[in-house]
Amino acid sequence: MFKRYYFLISLVFCSFAYAGAQKEEQLSSNVQTSMQRSINDGQSPRLVFASPAEGEVWLAAMSARLAKRIPDEFIRRTLLTAIHYEASRAGLDPQLVLGLVHVESGFNRYALSVVGARGLMQVMPFWQRSIGSGTHNLFDMNTNLRYGCTILRHYLDIENGDYFRALGRYNGSLGRAEYPNLVYGAWKNYYAYADSGTKLAEK
């Protein structure tokens with residue numbers, strides 16, 4: 001399936017992203033409570049490294065890779081800090097999440113798909129009902145990343161750590177190779193980092 005992605009840094013207009021969509025499912029009470037707790041954690045984003053110096057090296061490296069997509073340095077560094085924090089707190093590889101955002105929205109925080117998925121990580125609105133609140137703005141950078149990373153963590157748990165199948169669930173294309181391989185390709189080609197430990201087998 002051919003996908004087109006639009007990148008706009010705009011405070012006014014939404015663009016459309018032709019992405020897949022998560023499937024609504026019945027969550028067990030324990031899973032729902034855990035995901036709700038994650039969504040409602042009000043901690044502010046920060047880099048999660050052993051030392052500030054290590055964090056700055058990572059931030060500088062990733063910022064340089066995003067410079068053409070996001071010209072404003074402050075916006076780049078703010079976004080990267082949020083991605084690193086939300087991915088780390090969910091137990092995900094931040095570089096993998098960068099690859100997912102690259103594929104899903106092209107780093108356009110106002111992306112809107114034809115099926116209604118919203119924002120950087122193309123989160124479906126039904127998640128607000130099941131694990132969050134209708135007052136949450138899925139076009140808000142931090143909110144969208146919080147939802148997206150929580151959802152991907154949930155799918156990874158369901159699939160016993162299988163990133164290929166978890167990504168398929170995330171995109172609503174479980175069992176098909178195209179989407180997981182697109183994310184893997186973006187991660188490998190644009191955002192691979194020496195300290196990254198996550199492995200995703202190509203299929």
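One-based numbering along the sequence shown.
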query = Hey, what do you get for CD1 (Ile39) to OG (Ser133), rounding to the nearest 0.5 Å?
reply = 11.0 Å
key: Intermediate values then yes/no, side-chain contact (heavy atoms from CB on, under 4.5 Å), Met62 and Arg76   = CA-CA 9 Å; Met62 295 299 135; Arg76 274 200 317 274; over 6 Å; no
request  = Identify the two heavy atoms, one from Leu152 and one from Ala166, that lie closest to each other, and give their separation to 0.1 Å.
outcome  = CD1-O, 4.2 Å
inquiry  = Within the 4.5 Å heavy-atom criterion, are Val48 and Tyr85 side-chain neighbours or not?
reply    = yes
message = Do Arg89 and Ser38 have side chains that approach each other closer than 4.5 Å (heavy atoms only, starting at C-beta)?
response = yes
query = What's the shortest heavy-atom distance between His154 and Trp127, and which atoms?
reply = CD2-CH2, 4.2 Å
key: For His84 against Leu47, the heavy-atom pair lying closest together   = CB-CD2, 3.9 Å
ask   = Do the side chains of Arg37 and Thr33 get nearer than 4.5 Å, heavy atoms only?
value = yes
message = Is any side-chain heavy atom of Leu79 closer than 4.5 Å to one of Arg109?
response = no
task = Please round to the nearest 0.5 Å and tell me the distance separating atom OG of Ser63 and atom CD1 of Ile75.
result = 11.5 Å
request  = Identify the two heavy atoms, one from Gly99 and one from Ala186, that lie closest to each other, and give their separation to 0.1 Å.
outcome  = O-CB, 3.8 Å
note = Rounded to the nearest 0.5 Å, the CG atom of Leu59 sits from the CG atom of Leu80 at a distance of 6.0 Å
remark   = Minimal heavy-atom distance between Arg65 and Ala192, with the atoms involved, is NH1-O, 2.7 Å
task = Look up atom CG in Leu182 and atom CD in Glu104, then write down how far apart they are to the nearest 0.5 Å.
result = 10.0 Å
task = Could you please spell out the steps behind the side chain to side chain donor-acceptor pair (under 3.5 Å) verdict for His102 and Tyr191?
result = CA-CA 10 Å; His102 179 110; Tyr191 310 109; 2.8 Å; yes
request  = Verify, without hydrogens or angle tests, whether Gln122 (side chain) and Ala111 (backbone) share a donor-acceptor contact under 3.5 angstrom.
outcome  = yes
key: Sub-4.5 Å side-chain heavy-atom contact between Ser130 and Met35   = no
note = side chain to side chain donor-acceptor pair (under 3.5 Å) test vs Tyr147 passes for just one of Glu86, Arg118, His136, Gln128, namely His136
Residue pair Val183 / Tyr163, side-chain heavy-atom distance below 4.5 Å = no
ask   = Side chains of Tyr190 and Leu98: closer than 4.5 Å at any heavy-atom pair?
value = no
ask   = What's the verdict on side-chain contact (heavy atoms from CB on, under 4.5 Å) for Glu159 and Leu174, showing C-alpha distance, side-chain angles and the deciding distance?
value = CA-CA 11 Å; Glu159 296 297 344; Leu174 180 63; 4.2 Å; yes
note = Rounding to 0.5 Å, atoms CG (Asp140) and CG (Leu120) come to a distance of 9.5 Å
query = Where does the angle between the aromatic ring planes of Phe49 and Trp58 fall among parallel (under 30°), tilted (30 to 60°) and perpendicular (over 60°)?
reply = tilted
message = Before you tell me yes or no, could you show the steps for Arg153 and Asp157 under side-chain contact (heavy atoms from CB on, under 4.5 Å), namely the whole-Å CA-CA distance, both residues' side-chain angles and the distance that decides it to 0.1 Å?
response = CA-CA 6 Å; Arg153 178 75 254 175; Asp157 290 343; 3.0 Å; yes
ask   = Does Phe74 share a hydrophobic cluster with Leu145, counting links as ILVMFWY side-chain heavy atoms below 4.5 Å and allowing steps through other members?
value = no
ask   = Sub-3.5 Å donor-acceptor pair from the side chain of Asn171 to the main-chain atoms of Leu167, do we have one?
value = no
query = Do Asn144 and Asn137 come within less than 4.5 Å of each other through their side chains, counting heavy atoms only?
reply = no
request  = Determine, stepwise, if the pair Phe139 / Leu112 fulfils side-chain contact (heavy atoms from CB on, under 4.5 Å).
outcome  = CA-CA 9 Å; Phe139 293 117; Leu112 179 67; 4.2 Å; yes
note = Taking every heavy atom of Ser105 against every heavy atom of Gly119, the minimum-distance pair comes out as CB-O, 3.6 Å
remark   = Rounded to the nearest 0.5 Å, the CD1 atom of Ile83 sits from the SG atom of Cys149 at a distance of 8.0 Å
